[in-house]
Amino acid sequence: QVQLVESGGGLVQAGGSLRLSCAASGRTFSSYYMGWFRQAPGKEREFVAVITRSGGATSYRDSVKGRFTISRDNAKNMVYLQMSSLKPEDTAVYYCAAASSWYTDYARWVDGMDYWGKGSLVTVSP
C-alpha cells in the first residue's frame, strides 16, 4: 500500500553535510509515523530517527543528536534527513520506513515498521 523511495545518498568527507529524501506513495502518508534507519557493513540495522504524523515531535538515537534532523512535508509526501558533522561511523545504507504504531522503546522501531524503502548508501570518508 505504501511505496518508499530514498534519494540523496553519496560520498562525503568527514565533517560535511548531506540531505536524504524519501518520497512516499499513497494518500494516507500523513497517517504514518516515519523514520530513518541505517545498516553499516557487517552490522545490524539500527534506529536513527523518527517523526510523528504531523511532524510536531521527533526522536533520535544518542549518537546523532545535534547532528541529524528529521522532517516531513505531508503535502508533498516527503520525509527528509538532514545530516551534518558527518563521521566515518555514519557510513551505512540509510532506509526510510513507515509505521502505523508508535513505540516508546526505540529499540522496537527496527522490527516494528510496516513499510521499508530499498535504501540509499551514504559513505563518509576520513
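Please read all numbers here as calculations on a predicted model, not as lab measurements.
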Original post:
Side-chain heavy atoms under 4.5 angstrom apart, residues restricted to Ile, Leu, Val, Met, Phe, Trp, Tyr: same cluster for Tyr32 and Met113?
Top reply: no
Original post:
According to a 4.5 Å side-chain heavy-atom criterion applied to Ile, Leu, Val, Met, Phe, Trp and Tyr, with indirect links allowed, do Leu20 and Val50 form part of one hydrophobic cluster?
Top reply: no
Hey, does [Y] have a side-chain heavy atom less than 4.5 Å from the side chain of [X]?
{"X": "Ser17", "Y": "Met83", "answer": "no"}
{"X": "Val93", "Y": "Arg38", "answer": "no"}
{"X": "Trp36", "Y": "Glu6", "answer": "yes"}

With sequence neighbours excluded, what pairs up with [X] under the ring-ring contact (aromatic ring centres under 6.0 Å, His included) test?
{"X": "Tyr33", "result": "Trp102"}
{"X": "Tyr95", "result": "none"}
{"X": "Phe37", "result": "Trp116"}

Taking all non-hydrogen atoms of both residues into account, name the closest pair between [X] and [Y] and its distance.
{"X": "Gln1", "Y": "Ser25", "result": "O-OG, 4.3 Å"}
{"X": "Ser54", "Y": "Arg72", "result": "C-CD, 4.5 Å"}
{"X": "Trp109", "Y": "Ala99", "result": "CZ3-CB, 4.0 Å"}
{"X": "Leu81", "Y": "Ala49", "result": "CD1-CB, 4.5 Å"}
{"X": "Leu4", "Y": "Met34", "result": "CD2-CE, 4.0 Å"}

Subject >> Donor-acceptor pair, side chain of Asn77 and main chain of Phe29, under 3.5 angstrom >> reply: no
Original post:
Would Val122 and Leu18 satisfy side chain to side chain contact (heavy atoms under 4.5 Å, CB included), going step by step from the backbone distance to the final call?
Top reply: CA-CA 9 Å; Val122 172; Leu18 203 62; 4.0 Å; yes
Original post:
How does the hydrophobic cluster around Tyr80 look, that is, which other residues are in it when side-chain heavy atoms under 4.5 Å mark a link?
Top reply: Met78
Let me check something: any side-chain donor-acceptor pairs from residues 57-71 under 3.5 Å, sequence neighbours excluded? List them with distances.
from, atom 1, to, atom 2, distance (Å)
Ser59, OG, Tyr106, OH, 2.6
Tyr60, OH, Ile70, N, 2.9
Arg61, NE, Ser63, OG, 3.2
Arg61, NH1, Phe47, O, 2.7
Asp62, OD1, Lys65, NZ, 3.0
Arg67, NE, Ser63, O, 3.4
Arg67, NH1, Ser85, O, 3.0
Arg67, NH1, Asp90, OD2, 2.8
Arg67, NH2, Ser63, O, 2.9
Arg67, NH2, Asp90, OD1, 3.1
Arg67, NH2, Asp90, OD2, 3.4

Original post:
Roughly how far apart are Leu11 CG and Leu121 CG, rounded to 0.5 Å?
Top reply: 9.0 Å
Original post:
For residues 117-126, which residue pairs qualify under side chain to side chain donor-acceptor pair (under 3.5 Å), counting only residues two or more places apart or in two chains?
Top reply: none
